[in-house]
Amino acid sequence: MVSGCKRCLLLEAGETAVYKSVKDYLDNIEGALKVDSALRDKRLELCGQCDELLSGMCRKCGCYVEIRASLKDKRCPNFDDRKW
């Protein structure tokens, strides 16, 4: 675990308590509203390459990227350089 990692997802950034809350939230969302794990992982990979990622949060919209990347009705919020 890398503490204080800026361009990382929550768990990599050492945000274990927040990660658990996000995971619990996602576990309670109906499966039909979520993308499959392969698409979620691809989206998160693209988020990980983005300069707007800061410790698991998107600086464009303030969301936790693990949540946004998991939902079918969401897109990358970076209108100037949409990643997915």
Can you name the nearest heavy-atom pair linking A69 to V35, along with the distance?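 Closest pair (atom of A69, atom of V35, distance): O-CG2, 3.5 Å.
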
side-chain contact (heavy atoms from CB on, under 4.5 Å) against [X], all qualifying residues, sequence neighbours excluded:
X	result
L71	I29, K34, I67, D73, K74
C61	C58, C63, R68, P77
D41	none

Any side-chain hydrogen bond (donor to acceptor under 3.5 Å, both in side chains) pairs touching residues 75-84, not counting sequence neighbours?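 Residue pairs passing side-chain hydrogen bond (donor to acceptor under 3.5 Å, both in side chains), neighbours aside: D81-K83.
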
Residue pairs passing the side-chain hydrogen bond (donor to acceptor under 3.5 Å, both in side chains) test where at least one lies in residues 21-31, sequence neighbours excluded: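 side-chain hydrogen bond (donor to acceptor under 3.5 Å, both in side chains) check on residues 21-31 returns K20-D24, K23-D27.
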
What residues join L44 in its hydrophobic cluster, counting side-chain heavy atom gaps under 4.5 Å, either direct or through other members?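 L9, L53, V65, listed by chain and number.
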
Contacts of type salt bridge (charged side-chain N to carboxylate O under 4.0 Å, His left out), residue E66, not counting sequence neighbours: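 Expected list: none.
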
